[in-house]
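What follows is one structure encoded as structure tokens, with my remarks underneath.
What's counted below: heavy atoms across the whole structure, side chains too, no hydrogens, waters or symmetry copies.
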Amino acid sequence: MKTMKQIVFATNNAHKLEEVRQILGEKFEVLSLKDIGFEGDIPETGQTLLDNAAMKAHYIYDRYHIDVFADDTGLEVEALNGAPGVHSARYAGEGHDSEANMAKLLGELGENNNRHAQFCTVIALIQKLHNLDCVWSLQFFTGIVKGEITREKSGVGGFGYDPIFRPDGYDKTFAELGAEAKNQISHRGIATRKLAEYLLNK
């Protein structure tokens with residue numbers, strides 16, 4: 001069984017990095033963009049989560065030629081025809097303002113009794129093959145968790161939309177569950193464990 005000692009997670013989001021490191025545990029050394037000396041923003045102009053994840057992974061691989069994975073996550077609300085979806089991070093405008101994003105979402109839902117929603121994470125993994133920079137493989141891993149949007153924020157943990165998302169089968173929001181419990185059932189947790197299983201069994 002072959003394990004990967006080092007792999008880069010193409011993100012500037014400290015919360016995401018910490019979640020993934022907790023999920024992967026000691027089997028992998030997950031390097032951040034800062035660890036490899038990259039500063040700045042990676043373009044996210046795709047029309048789907050899969051597009052954005054692949055775009056981010058390619059952006060780093062093309063510059064550093066190292067094994068890398070990137071994710072994109074969206075919150076899809078049934079009553080809003082799947083919005084905010086791929087625009088989740090910037091739903092209320094540029095700046096990744098979680099408070100503004102939640103306020104906009106709750107405002108658009110209003111008193112609608114259809115609160116069904118799901119979180120979806122897509123991870124794109126690029127690995128160098130045959131020790132040649134120009135020969136690589138691309139794999140995708142997806143995680144989905146269904147739930148509902150609450151009528152008001154609850155909890156102080158997590159990040160993003162966590163205070164207003166209650167997963168099916170639970171009476172607490174992601175922000176109330178705590179990191180360990182959330183990682184067991186979350187969209188990113190599911191996708192990351194699929195990634196880990198793939199890497200461990202290569």
Side chains of [X] and [Y]: donor-acceptor distance under 3.5 Å anywhere?
| X | Y | answer |
| --- | --- | --- |
| T73 | R188 | yes |
| D35 | S32 | yes |
| Q22 | E18 | yes |

- Given F141 and D71, is the side-chain contact (heavy atoms from CB on, under 4.5 Å) satisfied, shown in steps? CA-CA 9 Å; F141 309 90; D71 85 312; over 6 Å; no

Which atom names give the shortest non-hydrogen contact between [X] and [Y], and what distance separates them?
| X | Y | result |
| --- | --- | --- |
| K172 | P167 | O-CD, 3.4 Å |
| E19 | F159 | OE2-CE2, 3.4 Å |
| N101 | Y91 | OD1-N, 3.3 Å |

- Any donor-acceptor pair under 3.5 Å from T173 side chain to S154 backbone: yes

- Task: Mark yes or no for whether T142, through its side chain, and V122, through its backbone, hold a donor-acceptor pair below 3.5 Å.
- Result: no

- Query: Less than 4.5 Å apart, any side-chain heavy atom of Y61 and any of K128?
  - Reply: yes

- Please walk me through it: do K153 and M102 pass side-chain contact (heavy atoms from CB on, under 4.5 Å)? CA-CA 8 Å; K153 294 188 299 179; M102 285 188 286; 3.7 Å; yes

- Query: What is the ring orientation for Y64 with F38, classed by angle as parallel under 30°, tilted 30 to 60°, or perpendicular over 60°?
  - Reply: perpendicular

- Salt bridge flag under 4.0 Å for residues R90 and D97: no

- Message: Taking side-chain hydrogen bond (donor to acceptor under 3.5 Å, both in side chains) as the criterion, tell me which of H187, K146, E78 meets it with Q118.
- Response: K146

